[in-house]
*Asks:* 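My structure is below; once you've seen it, I'll send some questions.
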Amino acid sequence: MKTARTKLGGLILRPAFRALGEQLDPDSYGGAPLLGVDGVAIICHGGAGPKALATGIRIAADYAARDLTPALRAAIGDHRELFAAAKREDSPA
């Protein structure tokens with residue numbers, strides 16, 4: 001930020017960098033869904049703070065309200081042959 005040009009560039013890009021930082025903030029996501037359980041489970045990082053835990057709980061409640069588990073089970077059932085083909089490709093020859 002030595003020149004007026006770089007200062008102006010920094011000012012112009014500041015909102016974009018702030019928005020990117022918010023998108024990349026792990027506390028904004030709360031956690032990741034744990035697939036393969038019969039229900040809704042969100043896994044948070046061990047160092048998750050209060051904001052991440054609250055977000056994880058909110059996401060889990062949203063998934064439960066939307067009946068994510070039956071919808072996911074149906075989607076997997078509709079594509080069973082794709083999963084079987086993927087397993088065959090992954091198995092050692």
*Asks:* Got a second to check how far Leu11's CG is from Thr6's OG1, nearest 0.5 Å?
*Replies:*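 Those atoms lie 9.5 Å apart.
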
*Asks:* Give, for atom CD1 of Ile76 and atom CG of Leu72, the distance between the pair rounded to the nearest 0.5 Å.
*Replies:* 4.0 Å

*Asks:* So how far is it from Ser28 OG to Glu22 CD, rounded to the nearest 0.5 Å?
*Replies:*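 It comes to 7.0 Å.
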
*Asks:* If I take atom CG from residue Leu24 and atom CZ from residue Phe17, how far apart are they, to the nearest 0.5 angstrom?
*Replies:* 11.5 Å

*Asks:* Please report the closest heavy-atom contact between Gly49 and Asp27, naming both atoms and the distance.
*Replies:* N-OD1, 4.1 Å

*Asks:* CZ of Arg5 to NZ of Lys7: how many Å apart, nearest 0.5 Å?
*Replies:*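 If I round to the nearest 0.5 Å, the distance is 15.0 Å.
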
*Asks:* With hydrophobic residues grouped by side-chain heavy-atom distances under 4.5 Å, do Val37 and Ile43 end up in a single group?
*Replies:* yes

*Asks:* Output the distance between atom OG1 (Thr55) and atom CG (Asp25), rounded to the nearest 0.5 Å.
*Replies:* 8.5 Å

*Asks:* For Gly30 and Cys44, which heavy atoms make the closest approach, and how far apart are they?
*Replies:* O-SG, 2.7 Å

*Asks:* Hey, is CZ on Arg66 packed in by over 12 heavy atoms from elsewhere, all under 6.0 Å?
*Replies:* no

*Asks:* Taking the side chain as every heavy atom from C-beta outward, state whether Leu34 and Ile42 have any pair of such atoms under 4.5 Å apart.
*Replies:* no

*Asks:* Could you tell me whether a side-chain N or O of Thr69 sits under 3.5 Å from a main-chain N or O of Gly39, the two making a donor and an acceptor?
*Replies:* yes

